[in-house]
Structure formats: C-alpha cells, structure tokens
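Reviewing the structure listed below.
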2 protein chains.
Amino acid sequence: MNYPNGKKRLIRKYQNSVNRNQSFSNRGMTLEEDINATNQYYLTHDICVIHKKPTPVQIVKVDYPKRSAAVIKEAYFKQASTTDYNGLYRGHYLDFEAKETRNKTSFPLHNFHEHQIKHMKDIVKHDGIAFVIIRFKAHEKTYFLDATKLFPIWDRQYLTAGRKSIPHQFIIDEGIEIPTHYPAIVDYIKVIDQLFF
Amino acid sequence: MNYPNGKKRLIRKYQNSVNRNQSFSNRGMTLEEDINATNQYYLTHDICVIHKKPTPVQIVKVDYPKRSAAVIKEAYFKQASTTDYNGLYRGHYLDFEAKETRNKTSFPLHNFHEHQIKHMKDIVKHDGIAFVIIRFKAHEKTYFLDATKLFPIWDRQYLTAGRKSIPHQFIIDEGIEIPTHYPAIVDYIKVIDQLFF
C-alpha cells in the first residue's frame with residue numbers, strides 16, 4: 001500500500017512482525033504504537049505537529065566512560081505531571097492521554113492520575129483542546145472523549161457510592177468513535193475537525 | 001517576600017543556598033532552573049500552562065526488585081526530537097528552547113540541533129509561536145528571539161563563510177530583553193504580550 005508523497009509505509013516498530021492477512025485491529029499493536037505512527041503520519045503529511053513526551057525518569061547515577069557515551073546506571077520512573085501527548089493543529093493547542101483496556105463493559109478510572117486530570121482542567125481553562133483516547137480491545141473500538149465529559153465522572157468517584165469506572169455505553173453515547181485505517185492510523189484529527197472546526 | 005495567594009515562595013531547588021544579599025542575576029541559578037521556577041509561578045497564578053519535557057532516555061535494562069520500585073540499571077541519553085518547553089497561553093500554542101552561554105560577543109549555533117530548528121519551523125508553519133530564550137551570563141542579560149529571526153541565520157551557517165554564531169549585537173537589535181525579577185522570574189510572557197497580543 002503506497003502513500004502519496006512517495007512514502008511507502010510509516011516507520012513501524014514491529015512492522016515486520018505484522019501479518020498482512022491480519023485485520024488492522026488484530027495486529028497486536030498497542031494503542032501507543034498506533035498513536036505514535038499516526039503522529040508520524042500527520043507530521044510527514046503536514047497535518048499537525050503532535051509529539052509524545054518522553055517517559056519521565058529520575059536519574060541518580062551516571063557513568064562517563066572514556067571514549068563512549070554516558071551510561072545511566074541508576075534511575076527511577078517518575079509519575080508524569082502532565083498528559084503524554086500535546087502539540088499544535090491549525091493554530092490550536094491539543095493535549096491528550098491515550099489508554100486501552102481489556103474490560104468489556106467499562107473503563108476503570110485508575111488508568112488516569114489526579115494530576116493528569118488537573119492538567120487537562122488547566123488546558124481547558126486556558127482555551128486549549130483536551131481529550132482522552134480510549135480503546136476497548138475486546139470490541140476493537142477506539143473512542144475520543146472530550147475532557148470536559150470526563151471531569152464530572154472523575155470528580156464524582158470520590159462521593160459515597162461514586163462509580164470508579166466509565167461505562168462503555170457512556171463512552172458510546174458521549175464520545176465519538178475514531179476512524180481507524182491501515183496501517184495504524186487512529187485518525188483523531190477527523191474528530192477534532194468534526195467537533196471544533 | 002510574600003506572594004499574593006498565601007504562597008510564601010516558589011519551590012526552588014537550591015533555595016536555601018540563595019544568599020539574600022546577592023543580586024538576582026548572581027545567584028548561580030541556571031537558566032533552566034529559573035525557567036522552571038517561572039513556569040511554576042505562571043501555573044500557580046493561572047497565567048499560562050507551560051511545562052518542560054522530560055529528558056529523553058533510551059531504557060535498556062530494568063530490575064524489578066520484590067516489594068520496591070523498579071530500578072533502571074542501564075539507559076542512555078537520547079537526542080530530543082523537539083524543543084524542551086511547550087504549552088498554552090490564552091489559547092495559543094507556545095514552543096521554545098532556552099540556552100545560556102559564557103561567551104561575551106556571540107552565541108554559538110551548535111547550542112541548537114538541526115531537528116530542533118526543523119521542529120520550530122513546523123510550529124511556525126502550523127501557526128504556533130516559536131522562540132528561543134538566550135542568556136549571556138557574562139552580561140547578566142536574558143533575551144527573547146523569535147524563531148523566525150533565527151531561521152535565516154541557522155540556514156546561512158552552511159554556506160561558505162557562513163557564521164557559526166549569532167552576534168550579541170544582532171540579538172540586542174532583533175531580540176527583546178526579557179524582564180527578570182526576584183525570585184527567578186524570567187518573565188517571557190511579558191514579551192509575548194508585547195509581540196502577539
């Protein structure tokens with residue numbers, strides 16, 4: 001399959017392991033890999049500029065061997081203070097987090113962290129576009145949910161008898177299914193166009 | 001010194017080592033520390049949402065000891081594919097890199113990388129605001145230089161006899177000095193206001 005622009009395929013981490021007879025959604029790619037490939041596609045085709053932020057790491061010990069690269073010998077994973085993805089589309093600031101679940105009927109809220117929600121609230125307050133991408137692996141469906149629809153559910157979980165998850169049906173009703181197409185394009189910009197432009 | 005809002009001071013990494021008799025610019029803080037403190041101040045005071053991206057690291061080996069946190073035992077520094085800072089101000093996307101030099105008369109271009117310049121060109125193309133913050137430590141001056149003023153100088157360095165640095169005088173003429181004030185505020189948003197709003 002050829003793209004315009006002479007690019008044969010997107011650079012894919014495990015591209016050789018993809019069985020061409022498999023359907024798109026059965027390739028065993030993670031949502032993160034798909035979104036990284038999508039962002040690469042968007043960048044190459046001048047659609048938008050979205051990057052994943054590096055994993056935050058607390059570096060404790062570094063060796064500097066002679067004549068070779070510095071080696072980090074001790075470091076720890078830190079909790080991110082923002083979402084994983086942000087960038088620019090047609091002059092607008094976009095910010096999102098992407099998560100997948102094996103659950104069939106609901107998406108557990110513990111997939112997000114309090115400071116990520118706080119960050120998305122800050123983004124909305126300053127007139128940016130914040131959202132989450134949620135994939136139900138069992139249903140092979142990927143959804144766009146505007147952050148403003150997530151906030152009340154998030155806040156409600158702390159009340160007595162507050163739900164600790166988002167029902168799949170809520171996401172079907174209040175979110176938008178993201179069109180996906182080979183290879184690995186999770187075409188969330190189409191949803192942004194539909195909602196904001 | 002008290003801030004409104006009940007916050008006594010910004011959280012500062014080496015705050016106890018700051019000698020109160022020293023002038024602001026002599027505190028021995030790096031530009032990065034000052035900008036991180038500035039961004040924290042901006043966030044706390046609801047001015048804008050700008051974060052530094054984590055240092056990109058290629059993780060090779062991780063230990064998972066029982067009953068304690070995962071330890072990264074081997075990792076390497078990777079070159080960043082974007083600038084270090086980005087975020088949102090009044091609905092606009094901001095993106096910048098910050099660098100300081102001990103040079104007195106010019107700023108060496110090797111402080112930037114080709115892909116960072118490419119990234120800033122992408123940002124400008126998609127209607128974001130891209131710029132660099134340059135500090136001359138010897139002069140105790142910090143400047144804002146719009147990325148569009150940097151691009152021609154960057155591209156020209158590859159020509160025969162192209163300069164490999166930006167003269168201090170060019171930055172004085174074409175940039176804008178960033179107002180700085182205690183503690184550690186490098187008030188670049190003031191310059192954004194002046195230029196874009």
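Order of the sequence lines fixes the chain letters, A, B, ..., with proteins taken first and strands second; residue numbering starts at 1 for each chain.
In the hydrophobic cluster analysis, where Ile, Leu, Val, Met, Phe, Trp and Tyr join through side-chain heavy atoms closer than 4.5 angstrom, A:Phe197 is grouped together with A:Tyr188. B:Ile123 and A:Ile50 are assigned to two separate hydrophobic clusters, defined by single-linkage of ILVMFWY side chains at heavy-atom distances under 4.5 Å. Linking Ile, Leu, Val, Met, Phe, Trp and Tyr residues whenever their side-chain heavy atoms come within less than 4.5 Å leaves A:Ile178 and A:Ile134 in two separate clusters. Taken together through direct or relayed side-chain contacts under 4.5 Å among Ile, Leu, Val, Met, Phe, Trp and Tyr, A:Val57 and A:Ile72 form part of one hydrophobic cluster. Residue B:Ile35 is grouped with residue B:Ile185 when hydrophobic side chains (ILVMFWY) are merged at heavy-atom distances under 4.5 angstrom, including chains of intermediate members.
Pairing each heavy atom of B:Pro54 with each of A:Pro56, the nearest pair is CB-CA, 3.7 Å.
Between chain A and the residues B:Gly128, B:Gly91, B:Ser81, the largest count of heavy-atom pairs under 4.5 Å involves B:Gly91. By number of non-hydrogen pairs under 4.5 angstrom with chain A, the leading residue of B:Ala80, B:Cys48, B:Ala69 is B:Cys48. Your options are A:Asp63, A:Asn86, A:Thr55, A:Ile129, and the one with the most heavy-atom pairs under 4.5 Å with chain B is A:Asn86. Residue with the most contacts toward chain B among A:Tyr76, A:Tyr93, A:Tyr89, A:Phe77: A:Tyr93 (heavy-atom pairs, distance under 4.5 Å).
When heavy atoms are compared at a cutoff of 4.5 Å, A:Thr82 approaches chain B solely by way of its side chain, counted from C-beta outward. Only the side chain of B:Ile59 comes within contact range of chain A, with at least one heavy atom under 4.5 Å from a heavy atom of that chain. Heavy atoms of A:Lys125 lying under 4.5 Å from chain B belong exclusively to its side chain. Residue B:His51 touches chain A through its side chain alone, counting heavy-atom pairs closer than 4.5 Å. For B:Val62, the part sitting under 4.5 Å from any heavy atom of chain A is the side chain, from C-beta outward, and nothing else. Proximity to chain A (any heavy atom under 4.5 Å) is shown, for B:Lys78, by neither the backbone nor the side chain. In this structure, the portion of A:Ile47 lying under 4.5 Å from any heavy atom of chain B is its backbone and not its side chain.
Scanning residues 151-173 of chain B against chain A with a 4.5 Å heavy-atom cutoff picks out nothing at all. Residues of residues 110-120 of chain B having a heavy atom under 4.5 Å from any heavy atom of chain A, listed by number: B:Lys118, B:His119.
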- Might you work through the side chain to side chain contact (heavy atoms under 4.5 Å, CB included) test for A:Asp122 and B:Leu88, ending with a clear yes or no? CA-CA 9 Å; A:Asp122 286 339; B:Leu88 175 64; over 6 Å; no
- Task: With side chain to side chain contact (heavy atoms under 4.5 Å, CB included) as the test, would you mind laying out the steps for A:His126 and B:Asp46 before giving the verdict?
- Result: CA-CA 8 Å; A:His126 290 266; B:Asp46 248 340; 3.3 Å; yes
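In this structure, B:Val71 and A:Glu74 have side chains that are in contact, with non-hydrogen atoms separated by less than 4.5 Å.
For A:Lys99, the NZ atom counts as densely surrounded, since its 6.0 Å shell holds more than 12 non-hydrogen atoms of other residues, nucleotides or ligands. More than 12 heavy atoms of other residues, nucleotides or ligands lie within 6.0 Å of NZ in B:Lys137, so this atom counts as buried by the packing criterion.
Ion pairing of A:Asp127 with B:Arg90 is absent here, as no side-chain N (NZ or NE/NH1/NH2) approaches a carboxylate O to less than 4.0 Å.
How far NZ of B:Lys52 is from NZ of A:Lys53: 11.0 Å, rounded to the nearest 0.5 Å.
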